[in-house]
2 protein chains.
Amino acid sequence: MVAPIKNFLSVPKTMFGVGAISQLNELLDERRAGSGHIVFFVDHYFKDLEKYNIRVDSGDLFFQVDTSEEPKTVVIDEYTKKIKDSGDLPCAVVAFGGGSVLDVGKAVSIMLTNDGSSSDYQGWDLPKNKPVYKVGIPTVSGTGAEVSRTCVLMGPEKKQGINSNFSLYDQIVLDPNLLETVPTEQAFYTAMDCYIHSVESLCGCYLNDFSKAYAEKALDLTRKRFLGDGTHGDMMIASMFGGNSIVYSEVGVCHAMSYGLSYAFGIHHGEGNVIAFDYLDQYYPDYMEEFREMVKKHNITIRRGLCADLSEEMLEKMIDITLLMEKPLENALGTDWRNIFTRDVIKELYLRM
Amino acid sequence: MVAPIKNFLSVPKTMFGVGAISQLNELLDERRAGSGHIVFFVDHYFKDLEKYNIRVDSGDLFFQVDTSEEPKTVVIDEYTKKIKDSGDLPCAVVAFGGGSVLDVGKAVSIMLTNDGSSSDYQGWDLPKNKPVYKVGIPTVSGTGAEVSRTCVLMGPEKKQGINSNFSLYDQIVLDPNLLETVPTEQAFYTAMDCYIHSVESLCGCYLNDFSKAYAEKALDLTRKRFLGDGTHGDMMIASMFGGNSIVYSEVGVCHAMSYGLSYAFGIHHGEGNVIAFDYLDQYYPDYMEEFREMVKKHNITIRRGLCADLSEEMLEKMIDITLLMEKPLENALGTDWRNIFTRDVIKELYLRM
């Protein structure tokens, strides 16, 4: 039996351009329609939204999101409780930040209309009720979270996404100017998320012409940004294209390894990818030279020697988490992946990182 | 005053892949929900839909669309009347064919819920009522009609699109296998529509990073299809990318001239573009060599000497139609375009075609 061809959902509305953020108040006023209030999630890097003239009304809720760690299900549940306890449902959830903040916005918009804990919904197509309308405003580019139908959360037992059409933003505002103040390392690690999942998409067996076109152009634009004369706008589009590429394909070995690193060390996904990718010559040989050229050109020091002293127990847990990534591993290595990517192989790779 | 940045609407659902058409019955059954009927518009090139196992039920309406000419507002109005006279509104309009058929599906879906003649809605954002749900299934690639918010109609007085969010398909099904039986010339002319509007987008002053990325990749893929080893799938994606490119940019001189050729001779838009482009070295010098290489490789004989014997009156009308394309001409030539692209310049160009 052939797998059905996905009928994929796009973000319905996109506003792209330098200065687009100046149109946000107007967009939100349409949603408020006089009486509604809005919940803002803002990366703690931005103290407030005044610099961008974004209006936060007295009835609105404003949460500063600590993005030093990746979003946790317990934190999502706390936000949800606070919002529910404060009164009526908001007319919109606005997320302003990087991939973590975008994922918080997605998860909370779903949990406001679906009972229980967000950890109950980690998996595929589990939320049943339509979420609160949400607007995503990326301030660093690469994750693809602005166009993807997942929000990846660290649960008590696993790191896994809420994969659902309900995770998709209703509106995204892409303003290249927002990327101007991102620290170099963070911009680099996040962009490499795009670079690496585009490579994984191109090298995987799930690839079709749709995913190929998006991944190839995402690579071109990322390359242009970090080895040529690319703009912030180019990287913003690269991120969107990289995210679209995954619609019909999957990530691969690197993402599967990165998840284990995030679990053990709380390392951000982008940095985890960079750490892992540097040891995956065997799987992605054609891209290593270029990747290392970008690392070198931007003076990135990849953390090393992380896993040597880990307990056996933690290593086994990291291997468990890696092996949970069944589709990415099948995409990367074929249906026989379990016999190729054994616990021993994974362990040996982790021990080198 | 700076022009506002567009908040553009995407086709909400896309199904891409070889064999995707086999999933259409299931999609439509969801819409029928037991009792609804469907209106099919099918390119006259396909006698019926049996070859693709698409079920047409006894209550459905089936129209064979004569695509030897481009869609006219009077024809749209006739279709609309027939459907309205036959009873309840359909639960879906399905268009199966090239750009003309896709435009017929768009226009009829709008006219079923908006009074008057389709010629009343040629322009920008004129329809007021939500259209009937519609599915677009392209069988030849290049126009971008599958993702665009316009449907171009030949009216009694002008060739112009119904430019509206309501023109956007709710669902598109992109199956590269459908392109297999397209005659070479038609495939070529339609693909060149994509090539040419991508060139016009890249060379225009409206260009931003979004439109640039889409146009560059659309060119790459079209080039690959006609000068390399590209697949039908590549061309299907090129068409979608070319259409997306226009979201934030515009077409240019060639489209403006092509409209006049269509008006005078009923020439299809794609062929009109090819005829006109071959005389536009001055405006698009960087792309002429490649364009002519594609023409040569595929043994395309461009019609020539069309306009030499036209009446003064017809030539003046063609110039009027060209000059109606204000945005494309501004995009191509800057705000001073009226002083550059004068009636004399346009006339001289037409007389060479």
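Please read these numbers as outputs of a predicted model, since none were measured by experiment.
With a 4.5 Å cut-off on non-hydrogen atoms, B/Val247 does not touch chain A at all. Interface residue A/Ile237: only side-chain heavy atoms are found under 4.5 Å from chain B. Heavy atoms closer than 4.5 Å to chain B are found nowhere in A/Val173, neither backbone nor side chain.
With sequence neighbours left out, A/Phe41 forms a ring pair (Phe, Tyr, Trp, His ring centres under 6.0 Å) with A/Phe63, A/Tyr79.
Inter-residue side-chain proximity for A/Phe210 and B/Met236 is flagged as unmet; no heavy-atom pair is nearer than 4.5 Å.
Of all heavy-atom pairs spanning A/Ala213 and B/Leu221, the tightest one is CB-CD1, 3.9 Å.
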Give every donor-acceptor pair between chain B and chain A closer than 3.5 Å, one pair per line, or write none.
unit_1, atom_1, unit_2, atom_2, d
B/Ile5, N, A/Gln23, OE1, 2.7
B/Ile5, O, A/Gln23, NE2, 2.9
B/Asn7, OD1, A/Gln171, NE2, 2.8
B/Asn7, ND2, A/Gln171, OE1, 3.0
B/Phe8, N, A/Thr14, O, 2.8
B/Phe8, O, A/Thr14, N, 2.9
B/Ser10, N, A/Pro12, O, 2.8
B/Ser10, OG, A/Val11, O, 3.4
B/Val11, O, A/Ser10, OG, 3.4
B/Pro12, O, A/Ser10, N, 2.8
B/Thr14, N, A/Phe8, O, 2.9
B/Thr14, O, A/Phe8, N, 2.8
B/Thr14, O, A/Tyr248, OH, 3.2
B/Phe16, N, A/Tyr248, OH, 2.8
B/Gln23, OE1, A/Ile5, N, 2.7
B/Gln23, NE2, A/Ile5, O, 2.9
B/Gln171, OE1, A/Asn7, ND2, 3.0
B/Gln171, NE2, A/Asn7, OD1, 2.8
B/Asp209, OD2, A/Thr231, OG1, 2.8
B/Tyr214, OH, A/Tyr214, OH, 3.2
B/Glu216, OE1, A/Lys217, NZ, 2.7
B/Lys217, NZ, A/Glu216, OE1, 2.7
B/Thr231, OG1, A/Asp209, OD2, 2.9
B/Tyr248, OH, A/Thr14, O, 3.2
B/Tyr248, OH, A/Phe16, N, 2.8

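For the set B/Ile5, B/Leu174, B/Leu168, the count of heavy-atom pairs under 4.5 angstrom toward chain A peaks at B/Ile5.
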